[in-house]
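Note that the coordinates shown come from a computational prediction; the quantities given were computed from them, not determined experimentally. Labels below follow one simple rule: chain letters A, B, ... track the order of the sequence lines, proteins then strands, and each chain is numbered from 1.
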There are 2 protein chains.
Amino acid sequence: MDGLNPELMRGSLELMVLSVLSDGSKYGYLIQQSLRDASDELVELKAGTLYPILHKLETKKMVRCRWDDSTGRRRKWYELTAAGKKQLKVRVDEWQAYVECLRRVLGPLADPSSMPA
Amino acid sequence: MDGLNPELMRGSLELMVLSVLSDGSKYGYLIQQSLRDASDELVELKAGTLYPILHKLETKKMVRCRWDDSTGRRRKWYELTAAGKKQLKVRVDEWQAYVECLRRVLGPLADPSSMPA
DNA sequence: GTCGATAGATTGCGGGGCTATGCATCGTGA
DNA sequence: TCACGATGCATAGCCCCGCAATCTATCGAC
């Protein structure tokens with residue numbers, strides 16, 4: 001991770017991976033870059049973090065994968081399954097419930113009008 | 001935890017504790033209840049989770065505490081220090097940067113208009 | 001021909017939340 | 001009266017997860 005608090009990231013990494021896979025199948029390295037781009041350089045997912053997540057998603061049948069050996073560079077393409085797409089929706093809902101909950105807990109602290117320059 | 005994804009909670013628990021302490025000093029059990037109330041019953045912080053957090057905050061001088069033995073029921077009151085209040089502001093900013101970042105990563109998925117009934 | 005970027009993967013650690021447990025007090029109700 | 005549930009604080013150990021470190025291999029550039 002980079003400019004953001006790493007502690008906060010824990011738990012939403014899987015959601016992010018599912019999310020970047022939602023607009024088409026990608027291989028690992030591409031997922032890293034997509035996430036980096038989508039997050040304005042704020043999320044730099046390390047390989048040692050990404051691959052275990054992908055393997056876990058594969059085990060849970062959330063993604064399906066296919067080796068591409070047509071080029072010299074071996075690439076493993078990951079694609080969301082139907083279950084994965086469904087799971088993504090669930091996770092997005094959970095995320096939004098969580099954000100809403102935190103907003104309530106923080107109360108006025110979360111209100112930008114109470115944060116002077 | 002309760003109705004929310006526990007994985008997501010990890011990392012923001014300390015922020016929540018700092019937050020509930022921001023409107024006056026409280027003792028442990030009260031903090032649990034305040035958080036439960038403020039979150040609409042969604043956050044049920046277990047004692048085994050709360051006290052280690054409080055001890056850590058104490059070690060880091062973010063809170064100061066005082067035993068109250070005036071009643072039969074011993075209570076340990078926690079109060080934010082100046083450093084704690086500052087830390088809370090920092091954490092809130094980090095939280096908002098994180099939410100903003102996730103919104104970017106999720107893209108249209110985070111857009112309520114794309115979520116049909 | 002060597003170095004950096006691309007590409008995939010595993011191991012082991014460290015940190016943090018939770019379950020379980022322990023101790024003590026107070027109010028309620030049987 | 002005394003047992004039980006709620007109040008109140010605390011620690012130990014398990015388990016999960018992110019990450020640094022490490023390994024292998026290919027490709028383009030210099």
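A salt bridge does not link K85(A) with E79(A): every distance from a Lys NZ or Arg NE/NH1/NH2 to an Asp or Glu carboxylate oxygen is 4.0 Å or more.
Between E58(B) atom CD and dT11(D) atom P the separation is 10 Å, expressed in whole Å. In this entry the distance linking CG of L13(B) with P of dG15(C) reads 17 Å, nearest Å. To the nearest angstrom, P of dT7(D) lies 16 Å from CD1 of I31(B). Taking atom CG of L54(A) as the reference point, atom P of dA7(C) lies 14 Å away to the nearest angstrom. The CD1-C1' distance, from I53(B) to dC9(D), rounds to 15 Å in whole Å. In this structure, D69(A) atom CG and dG8(C) atom C1' are separated by 12 Å, rounded to whole Å. Between the NZ atom of K60(A) and the P atom of dC16(D) there is a distance of 12 Å, given to the nearest Å. Taking atom CD of residue Q33(A) and atom P of nucleotide dA7(C), one finds them 7 Å apart after rounding to whole Å.
Contact check, Y29(B) against dT7(D): a side-chain N or O comes under 4.0 Å of OP1 or OP2. In this model, the phosphate group of dA20(C) is not approached by any side-chain N or O of K46(B) to a distance below 4.0 Å at OP1 or OP2. Within the 4.0 Å cut-off from OP1 or OP2 of dT10(C), at least one side-chain nitrogen or oxygen of H55(A) is found. Contact between the side-chain N/O atoms of Y51(A) and the OP1/OP2 oxygens of dT10(C) is not found at any separation under 4.0 Å. Taking side-chain N and O atoms only, K76(A) has a distance below 4.0 Å to OP1 or OP2 of dA9(C). For the OP1/OP2 pair of dG16(C) and a distance below 4.0 Å, the side-chain nitrogens and oxygens of K56(B) include at least one atom meeting the criterion.
For K86(B), the NZ atom is loosely surrounded, since the number of other residues' heavy atoms within 6.0 Å does not exceed 12.
Looking at which nucleotide of DNA chain C each of R10(A) and G28(A) is closest to, the 5′-most match is held by G28(A). Sequence order on DNA chain C of the closest nucleotides to R73(A) and P52(A) puts R73(A) first from the 5' end. Residue-to-nucleotide proximity on DNA chain D shows that, of G48(B) and Y27(B), the 5′-proximal contact is made by Y27(B).
In this structure, the side chain of Y78(A) does not engage the main chain of R64(A) through any donor-acceptor pair within 3.5 Å.
Grouped with W77(A) in one hydrophobic cluster are Y27(A), Y29(A), L30(A), the linkage being side-chain heavy-atom contacts under 4.5 Å among Ile, Leu, Val, Met, Phe, Trp and Tyr residues.
Across all non-hydrogen atoms, the minimal contact from V43(B) to C101(A) is CG2-SG, 3.8 Å.
In this structure, of dC9(D), dT11(D), dT6(C), it is dT6(C) that holds the atom nearest to the side chain of R75(A).
Heavy atoms of W67(B) sit under 4.0 angstrom from primed sugar atoms or phosphate atoms, though from no base atom.
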